[in-house]
Amino acid sequence: AQSVTQPDIHITVSEGASLELRCNYSYGATPYLFWYVQSPGQGLQLLLKYFSGDTLVQGIKGFEAEFKRSQSSFNLRKPSVHWSDAAEYFCAVGPNPGGTSYGKLTFGQGTILTVHP
Amino acid sequence: ETGVTQTPRHLVMGMTNKKSLKCEQHLGHNAMYWYKQSAKKPLELMFVYNFKEQTENNSVPSRFSPECPNSSHLFLHLHTLQPEDSALYLCASSQDTSAHTDTQYFGPGTRLTVL
């Protein structure tokens, strides 16, 4: 069964500092990987996704993530955090086509990001 | 309206009430999903519809009854709920669950409180 672990429940950074949110996954084949962001009272917004190819993926709002197969990780990074980035971030893994679990995204517990001025 | 919309945004109901949540997507997608988001728990997939056919029921209690009349609309009918059903219910849509690079897009959610 697939699973996703986000080891950090809560991270606090200062505005302008760099950010890395960790995500580790467990999946038998090459996974599809996603990062979503959720602002308070809102739904989830897709930041970026990895399906294949270049392991460094660029997303919206200046975010990027790197797929490392050897470490089963897909960490999210941003070089300089803005106050508006304060939100909850979710990593998710989905099945590769050819499997039997179409549509079944598995989400991590989420990491809450607080940004200090 | 663009994207995925959900109504109502907030709902308070008693355990004996019957209510429905509505989701509408304006993206031309063929797959729709219901998720439950409870405090301190990962997002839980409840139901998946692809081309109006239910393809996934993730062991959801029968007090939750989904309906997908067409690819643009998805309902979640609620009856005799329990207080532990209080949560944020999120709807999502995607092009097609069998598509090579299928990506889910989420609505803003309905905050449900069961008294």
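Convention: sequence-line order gives letters A, B, ...; per-chain numbering from 1. Every heavy atom of this structure was used, including side-chain atoms; hydrogens, water molecules and symmetry mates were not.
- A continuous path of hydrophobic side-chain contacts links A:Phe67 to A:Leu48 [ILVMFWY only; heavy atoms under 4.5 Å].
- To the nearest 0.5 angstrom, B:Leu90 atom CG is 11.0 Å from A:Tyr36 atom OH.
- Residues B:Tyr89 and B:Leu74 fall within the same hydrophobic cluster, defined by Ile, Leu, Val, Met, Phe, Trp and Tyr side chains chained together at heavy-atom separations under 4.5 Å.
- At a 4.5 Å heavy-atom cutoff, B:Gln6 makes no contact with chain A through either its backbone or its side chain.
- With a threshold of 4.5 angstrom between heavy atoms, A:Leu46 approaches chain B through side-chain atoms but not through N, CA, C or O.
- Side-chain contact between A:Leu105 and B:Tyr33 is absent, with no heavy-atom pair separated by less than 4.5 Å.
- Enclosure of atom CD1 in A:Ile9 is not indicated, since only 12 or fewer non-hydrogen atoms of other residues, nucleotides or ligands lie within 6.0 angstrom.
- In terms of hydrophobic clustering, with Ile, Leu, Val, Met, Phe, Trp and Tyr side chains grouped at heavy-atom distances under 4.5 Å, B:Met32 and A:Phe34 are assigned to different clusters.
- Annotation for B:Pro42 and A:Gly108: closest pair CB-O, 4.0 Å, computed over non-hydrogen atoms.
- Grouping the Ile, Leu, Val, Met, Phe, Trp and Tyr side chains by contacts below 4.5 angstrom, directly or via other members, places B:Leu112 with B:Val60.
- Looking at A:Gln38, only its side chain comes within 4.5 Å of chain B, counting heavy atoms on both sides.
- In terms of heavy atoms, A:Gln42 sits closest to B:Arg9 at NE2-NH2, 4.2 Å.
- Here A:Phe107 contributes atom CZ and B:Gln37 contributes atom CD; the two are 9.0 Å apart, rounded to the nearest 0.5 Å.
- Transitive grouping of hydrophobic side chains (ILVMFWY, heavy atoms separated by less than 4.5 Å) keeps A:Trp35 and A:Leu56 in distinct clusters.
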